[in-house]
Enquirer: 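Got a structure here, written out as structure tokens. Questions coming.
Nothing here was measured: the structure is a model prediction, and the numbers come from that model. Side-chain atoms are counted along with the backbone in the values below, which use heavy atoms only and exclude waters and symmetry mates.
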Amino acid sequence: MNFKYVGPLLLLAALVIGDQIRINRPNHKYRLTVEVETPEGVKSASGIMAVHPDRSYSRGGKTSTKGDAVFVDLGGGKNLVALLAHIDKSLELDEINYVALRAYKAAGQNVSFNQMSRMTGTVPVTGEVIPVLVSFGDPADPASARRVQPDNIEGVLGKGIRLRGISAEVVPNGIWPLDFGGPLGDPVTRGIEAKLPWLNGADNAAGKAAEKALQAAGVRTGEVIDSRDAFTRK
């Protein structure tokens with residue numbers, strides 16, 4: 001082996017790895033928490049989302065989010081799910097990228113997108129910043145989905161069930177891609193497929209099931225999209 005090439009090869013490898021980390025590291029992560037008041041007490045669930053700007057050489061400039069919809073088990077077979085989507089005449093999938101940013105701004109903090117990783121504290125998610133909320137009469141049946149309005153959860157889920165609040169909190173990026181938990185940083189939350197098993201099907205079947213769920217909830221998808229993106233982003 002000619003060792004005179006080892007140094008340059010190691011340097012090249014380090015440059016390539018470093019560039020991939022730069023490209024793929026999240027701009028920021030945030031925890032989205034949903035709290036619901038029920039006759040049995042407050043029920044809550046949360047999920048960590050990772051927001052990724054386009055730092056590649058494609059010049060596409062498209063920001064994306066990785067994470068899962070937040071599923072709150074309310075007990076008694078009832079549930080509330082905060083989708084990775086908003087409504088603007090029809091389904092809007094990109095607004096989830098800016099939930100934390102808009103929530104911090106609404107709370108009076110004049111922060112830019114590039115400053116988000118330095119933010120601390122929890123802020124409420126209110127008004128138009130709230131993602132689409134749905135509930136499944138049977139989580140195993142996408143056709144059982146129903147749209148839930150934040151100010152009238154009782155109308156779908158019954159008396160005594162109210163939205164206590166939704167909040168966002170920026171969490172440390174951690175040592176990406178080694179963010180497996182603890183001091184390395186919290187990873188993106190996964191597991192929605194265990195709650196909504198029809199998402200486990202083959203791509204085509206899962207996509208059709210997700211589309212059926214959105215249609216059952218009365219959510220128009222508008223342009224051609226992958227309906228699974230409302231439930232999970234890889």
Side-chain angles (χ1 to χ4, degrees), residues 31-49 65-93 95-96 99 125-126 128-168 188-222 224-234:
R31 180 183 289 107
L32 187 68
T33 300
V34 181
E35 295 182 302
V36 181
E37 293 181 0
T38 77
E40 289 73 39
V42 176
K43 309 287 185 178
S44 67
S46 64
I48 291 178
M49 317 288 176
T65 291
K66 295 182 179 180
D68 281 359
V70 178
F71 185 106
V72 187
D73 186 345
L74 303 177
K78 298 180 179 181
N79 56 78
L80 183 68
V81 186
L83 300 183
L84 306 179
H86 291 73
I87 293 291
D88 182 10
K89 296 183 179 177
S90 61
L91 196 70
E92 169 58 59
L93 295 176
E95 287 300 311
I96 198 69
V99 163
V125 174
T126 60
E128 294 181 352
V129 188
I130 295 177
V132 175
L133 302 177
V134 300
S135 179
F136 290 88
D138 177 2
D141 179 7
S144 70
R146 297 293 180 267
R147 176 93 183 269
V148 177
Q149 297 299 334
D151 58 353
N152 186 27
I153 290 182
E154 285 184 318
V156 173
L157 292 173
K159 187 174 178 60
I161 300 180
R162 292 181 291 272
L163 182 65
R164 185 180 191 186
I166 300 177
S167 62
V188 168
T189 303
R190 296 298 185 188
I192 192 65
E193 290 92 347
K195 307 287 178 45
L196 303 175
W198 39 267
L199 286 170
N200 279 313
D203 287 352
N204 188 47
K208 288 183 177 180
E211 184 177 0
K212 181 184 290 186
L214 295 176
Q215 290 176 345
V219 177
R220 293 192 302 110
T221 56
V224 177
I225 63 169
D226 186 342
S227 297
R228 290 175 300 173
D229 285 347
F231 297 90
T232 182
R233 309 276 182 92
K234 303 301 184 184

Enquirer: Side chain to side chain contact (heavy atoms under 4.5 Å, CB included), that's the test. Do D68 and V188 meet it? Break it down for me.
Expert: CA-CA 8 Å; D68 281 359; V188 168; over 6 Å; no

Enquirer: How about P131 and L32: do any of their side-chain heavy atoms sit closer than 4.5 Å?
Expert: yes

Enquirer: Please examine the side chains of R164 and K43, heavy atoms only from C-beta on, and report whether any two atoms are closer than 4.5 Å.
Expert: no

Enquirer: List the atom pairs, donor and acceptor, that lie under 3.5 Å between side-chain atoms in residues 137-149 and the rest of the protein, sequence neighbours left out.
Expert:
from	atom 1	to	atom 2	distance (Å)
D138	OD1	A140	N	3.0
D141	OD1	A143	N	3.0
S144	OG	G137	N	3.3
S144	OG	D138	N	3.0
S144	OG	D138	O	2.9
S144	OG	D141	O	2.7
R146	NH1	A143	O	3.3

Enquirer: If you take all heavy atoms of A69 and I192, which pair is closest and at what distance?
Expert: O-CD1, 3.7 Å

Enquirer: Looking at L91 and A230, what are the two nearest heavy atoms and their distance?
Expert: CD2-CB, 4.4 Å

Enquirer: Sequence neighbours left out, what passes salt bridge (charged side-chain N to carboxylate O under 4.0 Å, His left out) with E211? Give chain and number order.
Expert: none

Enquirer: Can you name the side-chain hydrogen bond (donor to acceptor under 3.5 Å, both in side chains) partners of T65, sequence neighbours left out?
Expert: N97

Enquirer: Throw together a table of side-chain donor-acceptor distances under 3.5 angstrom for residues 72-87, partners on residues two or more places apart or in other chains.
Expert:
from	atom 1	to	atom 2	distance (Å)
D73	OD1	G75	N	2.9
K78	NZ	L157	O	2.6
N79	OD1	F136	N	2.9
N79	ND2	F136	O	2.8
H86	NE2	V129	O	2.9

Enquirer: Under 4.5 Å between any side-chain heavy atoms of T189 and R31, yes or no?
Expert: no

Enquirer: Can you see which heavy atom on S227 is nearest to which on G207, and at what distance?
Expert: CB-O, 4.0 Å

Enquirer: CG of N152 to CG of L133: how many Å apart, nearest 0.5 Å?
Expert: 12.0 Å

Enquirer: Kindly give the heavy-atom pair with the smallest separation between W198 and A213, and that separation in Å.
Expert: CH2-CB, 4.0 Å

Enquirer: So, using side-chain hydrogen bond (donor to acceptor under 3.5 Å, both in side chains) as the criterion, who are the partners of E35 when residues are at least two apart?
Expert: none

Enquirer: Looking only at heavy atoms, which two atoms of P39 and I161 are closest? And how far apart?
Expert: CD-CG1, 4.0 Å

Enquirer: Could you give the distance from CG (L199) to OG1 (T232), rounded to the nearest 0.5 Å?
Expert: 7.0 Å

Enquirer: Which atoms form the tightest heavy-atom contact between G47 and V70, and what is the distance?
Expert: N-CG2, 3.9 Å

Enquirer: Give every residue pair that meets the salt bridge (charged side-chain N to carboxylate O under 4.0 Å, His left out) criterion with at least one member in residues 225-234, sequence neighbours excluded.
Expert: E193-K234, D203-R228, D226-R228

Enquirer: I need the full list of salt bridge (charged side-chain N to carboxylate O under 4.0 Å, His left out) pairs touching residues 149-161, with sequence neighbours left out, sorted by first then second residue.
Expert: E154-R162

